[in-house]
Amino acid sequence: MEKDLKKKIGQLMVFGFKGKTATPEIKKLIREHQVGGIILFARNIGTTEEVLALTKELQREAKEAGHEKPLLICVDQENGVVRRLGDGATIFPGSMLLGAAGRSENAYITGLLTGRELKALGINWNLAPVLDVNNNPNNPVIGVRSYSESAEIVAEFGKQAVKGMQDAGLITTIKHFPGHGDTSVDSHLDLPVISHGMERLEEVELKPFREVIKQGADTIMSAHVYFPAIEDRENVPATLSRKVITGLLREKLGYQGVITTDCMEMNAISEGIGTAEGAVEALKAGVDLIMVSHLQSRQYETLSLVEAAVRSGEIAEEVIDAAYGRVMVLKEKYLAWDDISLDSMEVVPPVVGSKLHEVEAREIYKQGITIVKNEGDLLPLQLEDADRILVVYPENSYAMQVEDKRYATFSLGEAVRQLHKNTEVVELSNPPKVEEIEQVQQIAKNFEAVIVGTLTVMPDDQQVRLVEALYKENKQIAVIATRSPYDIAYLPDIPAYIATYEFTTPALQIAVDALFGKEKVKGKLPVTLP
């Protein structure tokens, strides 16, 4: 019984660790505690060769430790601004760019190709797609991770993305149930509240989840968001609410698959009830998998507190058995030891970062990048070789906790320089300092054209002052919004405006190609600009 209980609890855990090779600590958790799920972050991702070696090493540990089924190994590969794969893998467009391209088959293609690359590297579970409906322009954590402000579009694109990944043999996750789109707080930092009544939640937030559940969802991730219309206990996030997880998701929507938490170390949980205490409440609420991504001390604390709660009867053994059963059904469907090569000499399959995938991705980028405004036909820019271009942007101090620092370097100046040698690039602080703005305003007088990259402009943002100052000196100015398409709301006078929805290299290169008339882009805004 002892061993059996420990094994079952271990299989309900998804833990992270630091490093590009399996640490002694994570090996111990896999061996001695039968931990059955691993989450990888940027800190674990090196070259594609290193990723494949790591996933094999982790699975070898599990096999030798007698795990009945292989480990679940997951990442947040949403594409766009939230991605984990780096060198050697294809950069695929993110959700809002797909929404702007307007064709749901692109979500299928992107899902399929992403799935093939992840699977080839030994990653069998993707924490995507996002089914949140981004109907709040001030949302600091969803934004361009959502397909659209329309629940119908999110549902359709979500269905296609899930189907694409499943056709590649990848486990999918729809998130963040019951919806994180209409918040102005990041749950990594605090507890957001969505106070809409049930009727509105049914029409908007729940619609995409309902549709994808009908089609067949592998796993659903809960949101650390408080919904007073469903949960009457104050400030109890959906993850810990039996009314949300069992009442709404299991009973009302009829979902019988695996439910996972978002990371239990996010402030909405860790600074409230606490990570380990939250894990106990989440299991009681009806969740199956508990995610503790970072601190080893919290991982051990979670294991021992859950075990103690089962022994004391606070968590009924049937609850653990049911969760374990659902996780095993999922593993049975997707994972088998016979399908996993543990040969450490195996090379990365050529599908990863293939030319074919790059061509497919580029085609979708061209369909999604959006020329929002082009007054007086300023675009394409008409310049002589001798004309000088000034490119200005704030440094990408990444706005969302979930974004990856490694991909926050801008290639906008580089992209312009490739097409026009006579280009000067100025990177400013974020937000730009007053003296920087004054300095660059003076410089702008001596250039024939100015291109400004913006990065999620907010009310009273120095970026607005920067663009206004540059426009005063140079009417031939184009703005490229490199993350949020809502930036233009703060820049009404600017004659030319392009939305890329993400600061990935291909998105910025194609936007610059469009500026110079080298590419035709066809995107249409998937959200309403306030």
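Computation of the quantities below employed the complete heavy-atom set of this structure, encompassing side-chain atoms and omitting hydrogens, waters and symmetry-equivalent molecules.
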request  = Please lay out, stage by stage, how Glu78 and Arg83 fare under the test salt bridge (Lys or Arg N to Asp or Glu O under 4.0 Å).
outcome  = CA-CA 6 Å; Glu78 297 171 17; Arg83 61 195 176 96; over 6 Å; no

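- For Arg145 and His180, the side-chain atoms include no donor-acceptor pair closer than 3.5 Å.
- Taking the charged nitrogens against the carboxylate oxygens, Lys8 and Glu307 have no contact shorter than 4.0 Å, which rules out a salt bridge.
- Side-chain contact check for Thr48 and Asp87: no donor-acceptor pair (N or O, by modelled atom type) lies under 3.5 Å.
- No side-chain donor from either of Tyr147 and Asn134 sits under 3.5 Å from a side-chain acceptor of the other.
- In this structure, the side chains of Phe177 and Val244 come closer than 4.5 Å at one or more pairs of heavy atoms.
- Side chains of Gln299 and His294: a donor-acceptor N/O pair is absent below 3.5 angstrom, by distance only.
- For the residue pair Glu346 / Ser341, a side-chain donor-acceptor distance below 3.5 Å is found, with atom types taken as modelled.
- The closest side-chain donor-acceptor pair between Tyr226 and Ser241, if any, does not fall under 3.5 angstrom.
- Between the side chain of Ser148 and the main chain of Pro526, a donor-acceptor pair closer than 3.5 Å is present.
- Under the 3.5 Å distance criterion, with hydrogens and angles disregarded, a donor-acceptor pair is assigned to the side chains of His357 and Glu117.
- Cation-pi check for Lys63 over Trp337 is met; the charged atom lies under 6.0 angstrom from the ring centroid and within 45 degrees of its normal.
- For residues 282-291, the pairs satisfying salt bridge (Lys or Arg N to Asp or Glu O under 4.0 Å) are Arg250-Asp288, Glu281-Lys284, Lys284-Glu314, Asp288-Arg326, with sequence neighbours left out.
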